[in-house]
Amino acid sequence: MTTTLDSYCVIGNPVAHSRSPWIHARFAELTGQPVHYDRALVPLDGFADFVRDFAAQGGKGCNITVPFKLQAAELATSASDRVRLAGAANTLVFGEDGIHADNTDGLGIVADITRNAGVQITERDVLLLGAGGAAAGALGSLIEQKPRRIAVVNRTHAKAQALVAQHAEMAALYKVELTAIERSGLEADLTQNFDIIINATASSLAGAEVPAPASVLHARSLAYDMMYGPAAQPFLDWASSHGALARDGLGMLVEQAAESFALWRGVRPPSAQVLAELRALLQSEAAH
Ligand code: ATR
């Protein structure tokens with residue numbers, strides 16, 4: 001008797017760099033789940049066709065990366081509250097009744113900060129740098145942790161205001177003080193510092209300086225970059241040089257994958273172990 005493995009993939013453009021196949025292969029091995037997981041490089045105008053074909057051929061679900069997260073949210077026949085708030089999806093689940101969209105990015109960063117880094121978000125002051133897709137994907141899950149305050153700062157202030165307005169009702173429900181503040185406001189008031197500073201901007205990729213003054217850090221702040229590898233380094237160096245605890249987004253990557261795996265399989269993989277393995281793998285690759 002032959003067993004057909006349930007098939008999943010990560011869809012992106014580009015996607016060659018994606019570590020998701022490696023992460024999900026480890027999850028499958030460690031949980032004993034019969035899963036096959038591939039990369040799918042899809043043309044910019046071919047997302048919906050690819051997803052429908054993949055589902056028709058028996059695919060069970062997929063992860064979505066740049067630049068298709070908005071299209072994934074639109075294509076789905078049902079969506080979680082997280083997707084509705086973020087306007088973007090990173091996980092699709094194919095079921096009898098259609099395509100369900102979820103967004104596990106926010107759950108991923110919260111799990112990495114609270115469980116892996118052991119830093120509490122509840123009742124803390126959080127600064128979110130950026131107001132694009134990455135920031136939008138995380139904000140709802142950060143609010144659910146009930147920090148005391150979340151301030152959003154973005155180069156284009158109007159986008160920070162729009163993101164805050166979109167989440168205002170939820171923040172009120174969770175009794176979180178949620179505001180958009182201008183960078184000049186941070187620079188003018190050197191007493192404003194934060195327990196957790198999250199970089200959700202693409203400023204390092206653009207080779208630009210860190211988009212916040214060092215006065216936002218205090219000695220026990222956690223400075224978190226959603227990226228990892230060289231893209232995260234300028235922000236991490238900036239934070240370390242000012243005495244803060246610096247953490248890259250590798251754990252967020254593994255934890256969002258673990259949340260997707262749990263949605264598909266109903267089983268929670270040992271994400272901390274896989275994070276340690278992946279970090280060791282990247283270090284050995286960097287050394288060669
Ligand atoms: P992503 O999906 O990665 O969030 P995005 O939606 O294009 O990508 O958002 C990029 C974010 O990085 C935005 O907050 C952007 O600021 P603007 O809204 O002003 O464009 C921010 N960003 C990009 N380049 C930047 C730079 N050089 N300095 C500061 N912020 C930058």
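In what follows, residues are counted from 1 in the order of the sequence shown. Numbering of ligands and ligand atoms starts at 1, following listing order. These figures come from a predicted structure and were not determined experimentally.
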Only counting residues at least two apart or in another chain, list the ones meeting side-chain hydrogen bond (donor to acceptor under 3.5 Å, both in side chains) with Glu29.
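Once residues adjacent in sequence are excluded, the partners of Glu29 under the side-chain hydrogen bond (donor to acceptor under 3.5 Å, both in side chains) criterion are Arg26.
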
Sequence neighbours excluded, which residues qualify as side-chain hydrogen bond (donor to acceptor under 3.5 Å, both in side chains) partners of Arg149?
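Gln192.
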
Can you list every pair that meets side-chain hydrogen bond (donor to acceptor under 3.5 Å, both in side chains) and has a residue in residues 125-136, with sequence neighbours left out?
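Residue pairs passing side-chain hydrogen bond (donor to acceptor under 3.5 Å, both in side chains), neighbours aside: Asp125-Arg148.
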
In order of chain and number, which residues sit within 4.0 Å of ligand 1 by heavy atom?
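Correct list: Gly130, Ala131, Gly132, Gly133, Ala134, Asn154, Arg155, Thr156, Lys159, Thr201, Ala202, Ser203, Ala206, Ala208.
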
Do His100 and Ser78 have a side chain donor and acceptor closer than 3.5 Å?
yes

Salt bridge (charged side-chain N to carboxylate O under 4.0 Å, His left out) assessment of Glu285 paired with Arg19
CA-CA 13 Å; Glu285 283 178 4; Arg19 298 286 174 172; 2.7 Å; yes

Do you reckon Ile109 sits in the same ILVMFWY cluster as Ile197, going by side-chain contacts under 4.5 Å, direct or chained?
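No; tracing contacts between hydrophobic side chains, which count when under 4.5 Å, never links both residues.
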
